[in-house]
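Letters A, B, ... are given to chains in the order of the sequence lines, protein chains preceding strands, and every chain is numbered from 1. Worth knowing before you read on, the calculation uses all heavy atoms, side chains too, and leaves out hydrogens, waters and symmetry mates.
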Protein chains: 2
Amino acid sequence: MQFRIGEAAKRAGCKVETVRYYEQMGLLPQPSRSEGNYRLYSEEHLAQLRFIRHCRSLDMPLEDIRNLLTLRERPREHCAEINALVDEHIDRVNSQMALLEQLRESLLTLRSQCAGPGYTDSCEIVRELSTCECHDS
Amino acid sequence: MQFRIGEAAKRAGCKVETVRYYEQMGLLPQPSRSEGNYRLYSEEHLAQLRFIRHCRSLDMPLEDIRNLLTLRERPREHCAEINALVDEHIDRVNSQMALLEQLRESLLTLRSQCAGPGYTDSCEIVRELSTCECHDS
DNA sequence: ACAATCCCTCTAGTAACTATAGAGTCAAGG
DNA sequence: CCTTGACTCTATAGTTACTAGAGGGATTGT
């Protein structure tokens, strides 16, 4: 079975442009072409595309996926590396979550400054946003 | 007191390039210039820069900040809009967190597939990433 | 024969910066 | 007076993972 790009994209749950983009980035091998120069994908191509999409649904960066694609050829030898890669990604997600949690706190505090229609002359939210007690660097 | 861009950036806790970028995006008014064509910032400029940075530290998009900068000129009249803007942002942060939480679950499940040195011939993580039970669209 | 739908390549746009190149300005030291 | 170093200027390109568009060819159905 061979698929044209539209069919491949649909089966992988992404857009046509995305498939071409992965090819351009070297994540998908160049498929054969039809007479009319259309890309023709095999089942293996499709499997690899799905692999990529699955990784992306876990928000892994393409660079990590590129590495995984290489490592998975000899999974036994590279088990440790594969785990490390996943662990690093989990760490990234964890710290992103911690950051977002802080953000949420700050925003809720900010929002509580103005609970109803203001009774002062200036907006407490604007006032709070104007004060600066923090230095990033 | 007038500051050159380096001093302004330091006081606002950001990079020099970032300050110029805000000016280019129309978030900071163009400052006066010295004889040698250096930007010269007043206290008001600095306050506005800090306002922007504070909003950014809450991860608000520049477009929202642009709106806030306008709204804050008449806070009393625009109190409701200001609140709505903050509320929307809180919603965004909330749904981002929900997404990340799901992600974390999936990643931990994935990771648990390979707890120690594998005893099978193929990596369970790679196997799981290859299976596809989901369609995004 | 013709229209609709698919596909092709190439280029530019997104958000919010960051980094670089190549040049000018300014204060202090020798 | 000259030079060195730190600072600044403009303009341009790079980052991530796509998305959107132009301008054209291929295929399919009526």
Side-chain angles (χ1 to χ4, degrees), chain A residues 2-28 30-41 45 48-69 88-89 92-93 96 99 103 136-137, chain B residues 2-28 30-41 45 49 51-69 88-89 92-93 96 99 103 136-137:
Chain A
Q2 307 250 87
F3 318 100
R4 288 190 311 189
I5 196 168
E7 184 67 16
K10 199 160 72 173
R11 291 189 187 222
C14 68
K15 301 202 168 187
V16 165
E17 291 85 4
T18 308
V19 180
R20 282 197 285 251
Y21 175 71
Y22 291 154
E23 179 182 325
Q24 206 185 318
M25 294 296 103
L27 291 168
L28 266 180
Q30 296 195 325
S32 54
R33 298 283 183 135
S34 74
E35 254 186 55
N37 200 31
Y38 286 7
R39 288 171 178 81
L40 292 178
Y41 294 99
H45 281 113
Q48 180 146 342
L49 178 54
R50 281 184 169 136
F51 182 92
I52 296 170
R53 290 306 294 170
H54 198 159
C55 290
R56 283 297 298 141
S57 79
L58 297 171
D59 205 32
M60 285 187 195
L62 294 187
E63 193 50 43
D64 281 17
I65 301 175
R66 195 193 310 281
N67 287 333
L68 271 183
L69 285 170
E88 270 172 47
H89 186 49
R92 272 200 301 269
V93 170
Q96 247 189 82
L99 228 150
L103 224 67
D136 288 337
S137 67
Chain B
Q2 309 249 86
F3 317 100
R4 288 189 310 187
I5 198 167
E7 184 67 14
K10 199 160 72 174
R11 290 188 188 222
C14 68
K15 299 204 171 187
V16 164
E17 291 84 5
T18 308
V19 180
R20 282 197 285 252
Y21 175 71
Y22 291 153
E23 179 183 326
Q24 205 185 319
M25 293 296 103
L27 292 168
L28 266 180
Q30 296 195 327
S32 55
R33 298 284 183 135
S34 75
E35 254 187 57
N37 199 31
Y38 287 6
R39 288 171 179 81
L40 291 179
Y41 294 99
H45 281 113
L49 178 55
F51 182 92
I52 297 170
R53 289 307 293 171
H54 198 159
C55 291
R56 283 298 298 140
S57 80
L58 297 171
D59 205 32
M60 286 186 194
L62 293 189
E63 193 51 41
D64 281 17
I65 301 175
R66 195 193 312 281
N67 288 332
L68 271 183
L69 284 170
E88 270 173 47
H89 186 49
R92 273 199 301 269
V93 169
Q96 246 189 83
L99 227 151
L103 223 68
D136 287 338
S137 66

Hey, is the side chain of B:Tyr22 poking within less than 4.0 Å of OP1 or OP2 on C:dA16, counting only N and O atoms?
-> no
(request) Inspect the contact between B:Glu23 and B:Arg20 and indicate whether a charged nitrogen and a carboxylate oxygen are less than 4.0 angstrom apart. (result) no
*Tell me whether the OP1 or OP2 atom of D:dC18 has a side-chain N or O from A:Arg53 closer than 4.0 Å.*
yes
By side-chain contact (heavy atoms from CB on, under 4.5 Å), A:Leu40 pairs with (sequence neighbours left out) A:Gln2, A:Arg4, A:Ser32, A:Ser34
Atom CD of A:Gln30 and atom P of C:dC8 are separated, to the nearest Å, by 12 Å
From CD1 of B:Ile5 across to C1' of D:dA6 the rounded distance in Å is 15 Å
From CG of A:Leu62 across to P of D:dT19 the rounded distance in Å is 12 Å
In whole angstroms, the gap separating C1' of C:dC7 from NZ of A:Lys15 amounts to 16 Å
Next on the checklist: Between A:Thr18 and D:dA17, is there a contact of a side-chain N or O with OP1 or OP2 at under 4.0 Å?
Outcome noted: no
Taking for A:Gln24 and for A:Gly6 the nucleotide of DNA chain C with the nearest heavy atom, the one nearer the 5' end belongs to A:Gly6
In whole angstroms, the gap separating P of C:dA16 from CE of B:Met60 amounts to 12 Å
**Message:** Please confirm whether the shortest side-chain N or O distance from A:Arg56 to OP1 or OP2 of D:dT16 is below 4.0 Å.
**Reply:** no
Here the pair of heavy atoms bringing B:His45 nearest to B:Gln30 is NE2-O, 4.1 Å
Review point. Given D:dC9, is OP1 or OP2 found less than 4.0 Å from the side-chain N or O atoms of B:Arg20?
Key: yes
Going 5' to 3' through nucleotides 22-27 of chain D and flagging B where a protein heavy-atom sits under 4.0 Å of the base, S where only the sugar-phosphate is that close, and - otherwise, we get ---BBS
Walking DNA chain D from its 5' end, the first of A:Pro61 and B:Arg39 to be reached, judged by nearest nucleotide, is B:Arg39
From CG of B:Leu27 across to P of C:dA16 the rounded distance in Å is 9 Å
Of the listed D:dA17, C:dT18, D:dC9, the closest approach to the B:Tyr21 side chain comes from C:dT18
From CD of A:Glu63 across to C1' of D:dC18 the rounded distance in Å is 16 Å
Rounded to whole Å, CE of A:Met25 lies from C1' of D:dT15 at a distance of 12 Å
* Asked: Yes or no on side chain to side chain contact (heavy atoms under 4.5 Å, CB included) for A:Tyr41 and A:Val19, after CA distance, side-chain angles and deciding distance?
  -> CA-CA 11 Å; A:Tyr41 294 99; A:Val19 180; 3.5 Å; yes
Heavy-atom nearest pair, B:Val16 first then B:Ala9, reads N-CB, 3.8 Å
> Side chains of A:Asp64 and A:Arg92: does their closest heavy-atom pair fall under 4.5 Å?
Replying inline: yes
**B:Ile52 side chain near B:Leu28 side chain, heavy-atom distance below 4.5 Å** = yes
